S.K.: 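The structure is given below, and queries will be raised subsequently.
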2 protein chains.
Amino acid sequence: MALNDIATRVYNHNFRLDPIVRSLLDTDFYKLLMLQMIWRDSRDVQATFSLINRSRTVRLADIIDEDELRAQLDHARTLRFTRRELIWLAGNSFYGRQQMFAPDFLAWLADFQLPEYDLRRTGDDGQYELHFAGAWTDTTMWEIPALSIINELKSRAALRQHGRFALDVIYARAKARLWDKVERLRQLPDLVLADFGTRRRHGYLWQNWCVEALKEGLGSRFIGTSNVLIAMNNDLEAIGTNAHELPMVTAALAASDAELAQAPYRVLEAWQRHYNGNLLVALPDAYGTTAFLRQAPAWLAEWTGFRPDSAPPIEGGEQIIRWWQEQGVDPREKLLIFSDGMDIDTIETTWRHFHGRVRMSFGWGTNLTNDFRGCDPDGGDALDPISLVCKVTSANGRPAVKLSDNPAKATGDPDEIARYLRVFGDADRVESAVAV
Amino acid sequence: MALNDIATRVYNHNFRLDPIVRSLLDTDFYKLLMLQMIWRDSRDVQATFSLINRSRTVRLADIIDEDELRAQLDHARTLRFTRRELIWLAGNSFYGRQQMFAPDFLAWLADFQLPEYDLRRTGDDGQYELHFAGAWTDTTMWEIPALSIINELKSRAALRQHGRFALDVIYARAKARLWDKVERLRQLPDLVLADFGTRRRHGYLWQNWCVEALKEGLGSRFIGTSNVLIAMNNDLEAIGTNAHELPMVTAALAASDAELAQAPYRVLEAWQRHYNGNLLVALPDAYGTTAFLRQAPAWLAEWTGFRPDSAPPIEGGEQIIRWWQEQGVDPREKLLIFSDGMDIDTIETTWRHFHGRVRMSFGWGTNLTNDFRGCDPDGGDALDPISLVCKVTSANGRPAVKLSDNPAKATGDPDEIARYLRVFGDADRVESAVAV
């Protein structure tokens, strides 16, 4: 006898909103690490973050209802860090270090609220304009929830077309596909991997399933997740260090071209000082890896490693290994974290290519948490992931720029991009399509 | 907030038995059609049915606990047809005919109970001996529940090795696989198909899912299911006509070789008389299709069609089409029902081969409701289907024999098989492996 649970049924049919983001910890760990440094050193900086949909043919404003989007963003603004969350941040050790977060920072965090947003639909291109303007300490925290809200609303719109049975098939296919990938990953004996898929996930519950799958399938070789909430709930390590917004804001604030040229290194010096020699993984590609390594100071060779994030993984890795060798350090003691659009095939080829020559870890993002390509029983690409980012676009009113190793990933005002190219050069930057 | 439903949880953790067969309608429709004729014409015949595991290497007695098996068989013996079930049988029309079941038969059915069973474990071969001896009207009804109980207990034993996550992966893979098959079937424009998978299903709930998938995917081209309970619950047509036990018992009771040679046709005459010219689909292969057609009476060409059940589908179908042509009838007005171990590939090739030349329907059995090959995350074949049958082995104390078009599917005492081969010949019988 199957009893109907009437209360559950009534509840399910009456909720006003199914909130996508339900905790301020549902964000990437590096946002908190960066936030602490921003709060300490740059709390007077104003920074604007803006949504950029690189997949222009996907008309998000036609797919996602504006009222629904506002309701989700408004709900995220009601969130505060809970006591339990703050206690966990204060008491947990990260990368073996106690008290990664200082008491005064956590005290400030207790009152944190996401700031206002500016959402508009302008023009006929089917895109939303979404900007977050204000103190960098506040606006930076919108990046991840804004992206995961928009991506999940896009998923929900696609799923709404389907009946109960088709939904069952969609998730069965996605689960079968992910587990096939996990079984292939198990063949790589000492592969080390983390979930980096929060921002472009299909949905929160699905990211949770993906994390469970990796935990079950890879055991201790699955080293954790960038998602702080999921890390906390699953007793996993929260993973992350820093992102492009640090050099981008520092570069935007540079008073001269000479200061601009030094900005990427100044940021890393500050990071090193701030975290007392922990979390020493550098992003080399904000203004091109070749330019970055050519001018890089010798002390950077003592850092744990690099996270090449826009060059093709094998070329980018080889370039960094050559640089280590030039600096007289053994790459086998160094770490490369590959995180740019990785999927099972590129993970396998990259792992095989570098195995034994360097320590490696993989940050598996969109292709982990949002691979529903071909899962829709009616065909079509409505469930395919898109290349959506939320980038810092200005700092104290000055335009922010990212060049990247792949010109397709560059962001910023064209005139400023031209100036940055004069300062950093264009060496070895190669355009390739950005899928996710 | 996810509320725990405490009552459900307590109930789930305390049940004494999770019954596999919960209704006497959880059987194949042809068993009821045959039963009515047996009850009318042969209620004094004693018949023994016996379990035969053709997959000898699968040691069922090591896999399935004897107490669990007894508990399930005992539970099946407690079942009676409910009023609702009898009303449905009485009031429903089958194949467009009202009152397929006579009131006096239904009145008898109201008191029906499965008879006693004889379960033993003998020898070192890891097999159970399971016999059902008694009135044919009673023992015939054990075939389907006995098989579905043993098959589901085997599934449960294999599933017990797995954690919650692996179970999720197993069903996701099986669902994804079945839906891929459904999508291929949708490409065959006027394919007509029924579920014949009760006896060797992975489990009752899974058969239900498979039926839902076919309903969803094929619409009206999915014409129904052999499972009476599932047909009733899903407003589907119950599908079936008759099976080998009819000629087998008639043959066993034959007083002479001459009577034996005529037995297969006598049974069909009785069937035709009994169902007033409805349900006219004949099984040609009990003692070899070639022998059957060579001696077949002309009136059989007026029947709706044949269900070739052990010859390779294309050869078997061609043979029957030639026979129709020899009889001067147009095969395009006749029906072939293919039901022997069909799967997506053989359905496709058979459909393409005969399309336009004959009406066709497919009875999709084990490979529909029990295809978990390769779905187990730990590998292994514990979830693979096996070739388990429950056959009539004697009638009124005389051995029953089936020759079939495939010697690997023959059953019966070797001396008797030799005698039947003398009577019917061995023409065109070709051995091939029996997977399911």
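Convention: sequence-line order gives letters A, B, ...; per-chain numbering from 1. Owing to the predicted nature of the structure, the values given are computational and were not obtained by experimental measurement.
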S.K.: For B/Arg84, does the CZ atom have more than 12 heavy-atom neighbours from other residues, nucleotides or ligands under 6.0 Å away?
M.R.: no
S.K.: Sub-4.5 Å heavy-atom contacts with chain A: which residues of residues 203-216 of chain B show up?
M.R.: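 Hits under 4.5 Å: B/Trp209, B/Glu212, B/Ala213, B/Glu216.
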S.K.: What are the two closest heavy atoms between B/Ala176 and A/Ala176, and how far apart are they?
M.R.: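 Of all heavy-atom pairs spanning B/Ala176 and A/Ala176, the closest is CB-CB, 4.1 Å.
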S.K.: Only one of B/Asp168, B/Val169, B/Ile170 passes side-chain contact (heavy atoms from CB on, under 4.5 Å) with A/Lys175; say which it is.
M.R.: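 When B/Asp168, B/Val169, B/Ile170 are each tested with A/Lys175, the side-chain contact (heavy atoms from CB on, under 4.5 Å) holds only for B/Asp168.
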